[in-house]
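Written out below as structure tokens is the structure these notes cover.
Quick caveat: nothing in here was measured; it's all calculated off a predicted structure. Side chains included, hydrogens not; waters and symmetry mates left out as well; all remaining heavy atoms used.
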Amino acid sequence: MASLAWLLIPLFAAIGAGIWGSWAARDRTQGDISELAGYARFREAMDKADTADQTRAKAEAHSGSDAV
């Protein structure tokens, strides 16, 4: 019976290695695609904010309120 217990240890190790190997080799492209799409939306938002700031700065610089 003790020899059977010693044989179960490598069996459980092999099962655990198989589970870990399948988890490590999983397809992770879906996460990359959504992260890249989120980064593209972030860049677009920053470009819009930068354009709005530049437009506001030009309007304030040429408002004529500082003219004497």
Under the side-chain hydrogen bond (donor to acceptor under 3.5 Å, both in side chains) test, residues paired with Asp47 that sit two or more places apart = none

ask   = If you link I, L, V, M, F, W and Y whenever their side-chain heavy atoms are under 4.5 Å apart, who else ends up in the same group as Tyr39?
value = Phe42, Met46

message = My understanding is that only residues two or more places apart in sequence, or in another chain, count here; which of them pass side chain to side chain contact (heavy atoms under 4.5 Å, CB included) with Trp6?
response = Ile9

CG on Leu7 to CG on Leu11, rounded to 0.5 Å = 9.0 Å

query = Between Arg26 and Trp23, is there a donor-acceptor pair closer than 3.5 Å when you use the side chain of the first and the backbone of the second?
reply = yes

